[in-house]
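Let me begin by presenting the structure, written as structure tokens, before commenting on it.
Excluded from the calculations below are hydrogen atoms, water molecules and symmetry mates; all remaining heavy atoms, backbone and side chain alike, are included. This is a predicted model, so every value here is computed, not measured. Whatever order the structure lists ligands and atoms in, that order sets their numbers, starting from 1.
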Amino acid sequence: MKISCYAAPAKGAPLEPFEYESRELGPGDVEVRITHSGICHSDIHLIDNDWGISKYPLVPGHEIVGVVTRTGPEVRRLKVGDRAGIGWQSGSCRKCEMCATANENLCDHSTATCVNGFGGYATSIIMHSHFAIRIPDALASENAAPLLCGGITVYTPLRAFDVRPEMRVGVIGIGGLGHIGIQFLRAYGCEVTAFSTSPDKETEAKSLGAHHFVPTSQPGALASVAGQYHFILSTVSADLPWPSYIAALRPKGRLCIVGVPNSDLKIPAFPLIGGQKSISGSPIGSPLMIREMLDFAARNGIKAKTESMPMHRVNEALAHVRANKARYRMVLTN
Ligand code: NAP
Ligand code: ZN
Ligand code: ZN
């Protein structure tokens, strides 16, 4: 079957209409007719080959929601007509210790939807059903699509690093990931601070659940909150003044990085040693964790705030994200 989509023909190039012949439907596969496809900043990193892993033509898109149109004979969890969501991960070895313990996102042989195949800026996609997750009825497709990568990426660290209701927490960067992170942390019961370079986001960050807002481009803003936080999540796709954020942690506090900075981190050792502080990273989440996250979102009224555009306006939508103008996630629609 031919699938119509949009592809970057070369590094950094505008996307163009493209067609490819999809693989045959395997016994465990589902075919999904895509209705919504979020634009994650990782799509932009891939288009620009920032990580040196891109192959062209490159079809971005890994925050996919659509309707199941065909299922292979071994598929149990989804049926034709169900809404399904697909995120960053398209495969794993399904044999190693990580896969056997529902940590497929940590598998060494993990494959990615739009790196090892063609992604979601397309009319449809064939995917192994293990990595296609049913969308709860309470979530609208447009608000659910960004949860498939942005949402799970900010949810997983809360579970992995035991974030608890009594904690004071921060989210750096109020973009696609960050605005969902605020909502999860608020629903967890934490005292939430938004760190942002965009002062105009204050009102909305607070309406999403932030108790406090720190405008980080103001001189002295970060120094004024030194020693306060149990947990800070960075969702920023740029280099930050990391030592100031380490200083913002309380003793035993943790800085968790999910946004991908341009350069390696340069961090002084003594504040880490003296305050017994930690730095961590975290990638996406397992299919089991995605299911849990979607249920948690549905139960707590958590949804991505979106702006949508028809898929053919993809280059305009990408420019909007590159300019940090999206409020807060662009979603392409078919
Ligand atoms: P996004 O929607 O573009 O949001 C990023 C936010 O970071 C911006 O809204 C902005 O927030 C802040 N920011 C941007 N440039 C900045 C700069 N130069 N200095 C300081 N702050 C800046 O991006 P996203 O889709 O949320 O993705 C964020 C990052 O997470 C990307 O690097 C992406 O690749 C990565 N990511 C990682 C995973 C994972 O598995 N770990 C999964 C998905 C995405 P303010 O305006 O509030 O400052
Ligand atoms: Zn594995
Ligand atoms: Zn993503």
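Although no hydrogens or angles enter the test, the distance criterion places a donor-acceptor pair under 3.5 Å between the side chain of T216 and the main chain of S196. No donor-acceptor pair closer than 3.5 Å links the side chain of N116 to the backbone N or O of T111. Remark: the backbone N or O of M98 is paired with a side-chain donor or acceptor of T101 at under 3.5 angstrom.
A salt bridge links R327 with D200: the distance from a Lys NZ or Arg NE/NH1/NH2 to an Asp or Glu carboxylate oxygen falls below 4.0 Å. A salt bridge is absent between R329 and E307; no separation between the charged side-chain nitrogens and carboxylate oxygens falls under 4.0 Å. The pair E316-R313 counts as a salt bridge, with a side-chain nitrogen and a carboxylate oxygen less than 4.0 angstrom apart. A salt bridge does not link D29 to R70: none of the charged side-chain nitrogens sits closer than 4.0 Å to a carboxylate oxygen.
Comparing G259, S42, S196 against atom 30 (O) of ligand 1, the shortest heavy-atom distance belongs to G259.
For atom 17 (C) of ligand 1, the closest non-hydrogen atom on the protein side is A238 CB, 3.5 Å. Here the heavy atom of the protein found nearest to atom 5 (C) of ligand 1 is T235 O, 4.0 Å. With respect to atom 43 (C) of ligand 1, the closest heavy atom belonging to the protein is C149 SG, 3.4 Å. Scanning the protein heavy atoms around atom 3 (O) of ligand 1, the nearest turns out to be H41 ND1, 2.7 Å. Here the protein heavy atom with the shortest distance to atom 42 (C) of ligand 1 is T153 OG1, 3.1 Å. When only non-hydrogen protein atoms are considered, atom 22 (C) of ligand 1 lies nearest to V236 CG1, 3.4 Å. If you check which protein heavy atom lies closest to atom 37 (C) of ligand 1, you get V258 O, 2.9 Å. The protein heavy atom nearest to atom 48 (O) of ligand 1 is T197 OG1, 2.6 Å.
Only the side chain of N324 comes within 4.0 Å of ligand 1, judged by heavy-atom distances.
Using a non-hydrogen distance threshold of 4.0 Å, W51 registers as a contact of ligand 1. Between G150 and ligand 1 there is no heavy-atom distance shorter than 4.0 Å. Residue-ligand proximity: G178 is placed with every non-hydrogen atom at 4.0 Å or more from ligand 1. Within the 4.0 Å heavy-atom cutoff, I172 does not count among the residues contacting ligand 1.
The shortest N/O to N/O separation between S282 and ligand 1 falls below 3.5 Å. Considering backbone and side-chain N/O atoms, L177 comes within less than 3.5 Å of an N/O atom of ligand 1. Taking distance alone, with nitrogen or oxygen atoms compared against 3.5 Å, Y328 stays at or beyond that limit from ligand 1. Between F195 and ligand 1, no pair of N/O atoms sits closer than 3.5 Å. In terms of polar-atom proximity, defined here as any N/O pair under 3.5 Å, I39 makes no such contact with ligand 1.
Relative ring orientation between F118 and Y20 is described as tilted, the plane-to-plane angle lying within the 30° to 60° band. Relative ring orientation between W88 and H62 is described as perpendicular, the plane-to-plane angle rising above 60° on a 0-90° scale split at 30° and 60°.
Rounded to the nearest 10 degrees, the angle SG (C40) to the Zn ion (ligand 3) to SG (C149) equals 130°. The Zn ion (ligand 2) lies at the vertex of an angle of 120° between the SG atom of C93 and the SG atom of C99 (rounded to 10°).
Taking 2.8 Å as the criterion, H109 does not count as a coordinating residue of the Zn ion (ligand 2), since none of its N, O or S atoms falls below it.
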R33/T123 under side-chain hydrogen bond (donor to acceptor under 3.5 Å, both in side chains): CA gap, chis, key distance, verdict: CA-CA 6 Å; R33 177 175 57 78; T123 48; over 6 Å; no
Evaluate K266 against D264 for salt bridge (Lys or Arg N to Asp or Glu O under 4.0 Å), listing each step before the verdict. CA-CA 7 Å; K266 192 159 185 294; D264 291 343; over 6 Å; no
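Below 4.0 Å from some heavy atom of K201 lie the following atoms of ligand 1, by number and element: 9 (O), 11 (O), 45 (P), 46 (O), 47 (O).
Using a 3.5 Å distance cut-off with no hydrogens or angles, the side chains of H212 and E191 do pair a donor with an acceptor.
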